[in-house]
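The structure appears right after this line, and notes come after that.
Just so we're on the same page: letters track the sequence lines, and every chain starts at 1. All of these numbers come straight from a predicted model, not from anything done at the bench.
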There are 2 protein chains.
Amino acid sequence: MSLTAGRSRDPSRGQERAARILDVTEDLLLRHGARRVTVEDVAVGANIGKGTVYLHWETREKLFAAVFDRAVAQAIAELLAAMRVQPSTCLPHQFAHDYFLAVMHRPLLRGLLVADQELLGRLARQHDPAWDERHHLVSDRYFWLLAEHGMLRTELGPDEVAYAFQATFEGFVRAEGELVDGGGAAARAAAQPAVANLERRADLLARTVELAFESNRPVAADELRLLAADVVDLFTDLVDRRGFADLVDRAELGTPAAS
Amino acid sequence: MSLTAGRSRDPSRGQERAARILDVTEDLLLRHGARRVTVEDVAVGANIGKGTVYLHWETREKLFAAVFDRAVAQAIAELLAAMRVQPSTCLPHQFAHDYFLAVMHRPLLRGLLVADQELLGRLARQHDPAWDERHHLVSDRYFWLLAEHGMLRTELGPDEVAYAFQATFEGFVRAEGELVDGGGAAARAAAQPAVANLERRADLLARTVELAFESNRPVAADELRLLAADVVDLFTDLVDRRGFADLVDRAELGTPAAS
DNA sequence: CGTATGACCAATTATGAAATCTGGTCAAAA
DNA sequence: TTTTGACCAGATTTCATAATTGGTCATACG
């Protein structure tokens, strides 16, 4: 039944298996919701024994958490990759735009942000406080960095911007999908492709963020590159501590896990 | 919908009883949540027979809906009253500020906006589509009005602003209460009064909205007063159709129903 | 030797039938 | 004419039993 049985001295072999387990779990999670996914299902799906799952995670909930962690890490990795190619991505409005799309393209993350009861089961409001802690910290430092570089309006302090940005971002994620065209009520039912609508919402979010929070000071390309590098470091650090550093290094953009 | 009551030819008698029923229901709703409130409870609380409740509302759910409708109407009435005293309240940032507080001070409305499962029971995601319809319509017209008066930035179209405003507003309502002081991590646990924190969040929302959506064009007091009058009419119309017109006329600001 | 496994067990969760409760009605009371 | 509460069907809760499942670990395996 097992391919790689006991033989392995190679640790990457185990990593690979862990990834496979996460893949299977993610798929099951998306299709049935946390409540209905059993460890047995996962094991069968990954062609391994149930006990083997517990060689990687000490608990079912931790396995699930790992799936979500990975999704977050992938989204951030995607973002950082974009930031390396296009330094201006570190500016709040582009950041919001890209992160919004990264989230919305991943049902797992969308479910996480809107606290989808069906998807998350009892994991729903059981955030790891340590993660929230770190998230806040990174967020604060990010906006602090922006402020130091004079990229933020001076009307609001960095902490305030951090709070407002977060609220606005989540508001857009939760906002109903019906951003209708300006062309009056007639176009209501006209089904524009869902992706196009997503893009429009991302764009609107971006412009909102830009207008509300960013200074319009022109920026030298060099300084921007420098700032972007700092921001990349900042978020890399965030993801590092979650055990998915490799995703960032390899800039793994693949398979957003969307259906 | 409601017929008159008691011995009387006087219809206000029935109105009064209806209000009493709503009061009792609201109280029970807040204390036990929709799932646990029975029509019998309501009747007993209001010192009337169960059948009498059905003289006013044909269904338990409609009774509950009426409670929420009234809360909305009260909040809007409060807003309109403020607008009459202080016309600048019709500007998005002040509007957001006051409406935010009006909502946050009413557990019923907060629960409605965040779709509190416990409070709403199965009413949770069972919005009256007709109301959403009207709400959207009024919202759009509001921002259109603002645009016509040149109060909005020109970067975004009125429809876009309407969408973004809604998303931002709901984001702030949902955002966790922990807007910590700029004074570093130390003040984390320092319990500032909840109301003060609410006020700060309202203020931050206001400034965000102002920066993101409003033009900084100076406005003559007269024009502002004119605009405010239009806005009052607009929202009065919204509330009228819900059967709580009297609240607006009497500018009933009393008892936000907060605990 | 160390890794992988699945039978095993306690504890959670599903099931379903009986008992209870409750939304809504309406004949009678006021 | 208005109000009421006994009444009933359908929904909900209960509670005991059955089935499932998270997690362990002695054993098999390479």
Side-chain angles (χ1 to χ4, degrees), chain A residues 1-22 24-25 28-29 32-67 117-118 120-124 126, chain B residues 1-22 24-25 28-29 32-67 117-118 120-124 126:
Chain A
M1 202 164 284
S2 63
L3 325 168
T4 76
R7 174 85 277 127
S8 63
R9 201 160 318 284
D10 180 6
S12 83
R13 195 77 194 148
Q15 296 285 58
E16 195 177 299
R17 187 176 60 187
R20 209 169 69 242
I21 296 175
L22 288 179
V24 171
T25 308
L28 292 174
L29 236 27
H32 308 299
R35 187 171 313 235
R36 270 169 278 223
V37 175
T38 74
V39 178
E40 181 82 33
D41 292 341
V42 171
V44 169
N47 285 320
I48 56 178
K50 185 165 66 157
T52 306
V53 174
Y54 288 92
L55 258 32
H56 291 269
W57 295 275
E58 51 196 42
T59 238
R60 186 178 86 127
E61 307 254 306
K62 284 184 180 171
L63 164 61
F64 288 174
V67 172
Q117 200 68 36
E118 184 64 27
L120 297 177
R122 64 181 25 152
L123 231 69
Q126 186 185 344
Chain B
M1 192 180 296
S2 63
L3 287 187
T4 55
R7 167 80 278 121
S8 65
R9 211 156 314 288
D10 179 8
S12 82
R13 190 82 193 147
Q15 297 285 57
E16 195 177 301
R17 188 177 60 188
R20 209 170 68 242
I21 296 175
L22 289 179
V24 171
T25 308
L28 292 174
L29 237 26
H32 308 300
R35 187 168 318 227
R36 270 167 275 213
V37 175
T38 74
V39 177
E40 181 82 31
D41 292 340
V42 171
V44 169
N47 285 318
I48 56 178
K50 185 164 67 156
T52 306
V53 174
Y54 288 93
L55 257 32
H56 292 269
W57 296 276
E58 52 195 38
T59 240
R60 186 178 86 128
E61 306 255 306
K62 284 184 180 171
L63 165 61
F64 288 174
V67 172
Q117 200 68 37
E118 184 63 27
L120 297 177
R122 64 183 25 152
L123 229 70
Q126 187 185 344

- request: Search all heavy atoms of G121(A) against all heavy atoms of A34(A) and return the closest pair with its distance.
  value: N-CB, 3.9 Å
What does the list of N/O pairs under 3.5 Å between the protein and nucleotides 11-15 of chain C look like, with a distance for each?
{"unit_1": "dT13(C)", "atom_1": "OP1", "unit_2": "R122(A)", "atom_2": "NH1", "d": "3.0"}
{"unit_1": "dT13(C)", "atom_1": "OP1", "unit_2": "R122(A)", "atom_2": "NH2", "d": "3.3"}

Atom pairs, N/O to N/O, protein against nucleotides 23-25 of chain C, distance under 3.5 Å?
{"unit_1": "dG23(C)", "atom_1": "OP1", "unit_2": "R60(B)", "atom_2": "NH1", "d": "3.2"}
{"unit_1": "dG23(C)", "atom_1": "OP2", "unit_2": "V39(B)", "atom_2": "N", "d": "3.0"}
{"unit_1": "dG23(C)", "atom_1": "N7", "unit_2": "K50(B)", "atom_2": "NZ", "d": "3.0"}
{"unit_1": "dG24(C)", "atom_1": "OP1", "unit_2": "T59(B)", "atom_2": "OG1", "d": "3.0"}
{"unit_1": "dG24(C)", "atom_1": "OP2", "unit_2": "Y54(B)", "atom_2": "OH", "d": "3.3"}
{"unit_1": "dG24(C)", "atom_1": "OP2", "unit_2": "R60(B)", "atom_2": "N", "d": "2.6"}
{"unit_1": "dG24(C)", "atom_1": "N7", "unit_2": "K50(B)", "atom_2": "NZ", "d": "3.2"}
{"unit_1": "dG24(C)", "atom_1": "O6", "unit_2": "K50(B)", "atom_2": "NZ", "d": "2.3"}

field: Minimum heavy-atom distance between L22(B) and L63(B), given as atom pair plus value
entry: CD2-CD1, 3.9 Å
Minimum heavy-atom distance between W57(B) and A66(B), given as atom pair plus value: NE1-CB, 3.4 Å
- prompt: In whole angstrom, what separates R36(B)'s CZ from dT13(D)'s C1'?
  reply: 13 Å
The helix from dC1(C)-dG30(D) to dA30(C)-dT1(D): angle between end helix axes, five pairs per end, rounded to 10 degrees: 30°
- prompt: Do the non-hydrogen side-chain atoms of I48(B) and I21(B) ever get within less than 4.5 Å of each other?
  reply: yes
- request: Check the distance between dT22(C)'s P and L63(B)'s CG and give it to me in whole angstrom.
  value: 16 Å
task: Could you name each residue pair satisfying salt bridge (Lys or Arg N to Asp or Glu O under 4.0 Å) that touches residues 36-62 of chain A, not counting sequence neighbours?
output: R36(A)-E118(A), E58(A)-K62(A)
- prompt: How long is the line joining CG of L55(B) and P of dG5(D), in whole Å?
  reply: 13 Å
Rounded distance in Å - CD1 (I48(B)) to C1' (dT2(D)): 13 Å
statement: Between V37(A) and V42(A) the two heavy atoms that sit nearest each other are CG1-CG2, 3.9 Å
- prompt: Got a sec, which residues hit side-chain contact (heavy atoms from CB on, under 4.5 Å) with R35(B), two or more places apart in sequence or on another chain?
  reply: none
Interatomic spacing from CZ in F64(A) to CZ in R122(A) - rounded to 0.5 Å: 11.0 Å
- line: Sorted by chain and residue number, the side chain to side chain donor-acceptor pair (under 3.5 Å) partners of H56(A) (sequence neighbours excluded) come out as R17(A)
statement: Taken to the nearest whole Å, CZ/R17(A) to P/dT3(C) is 10 Å
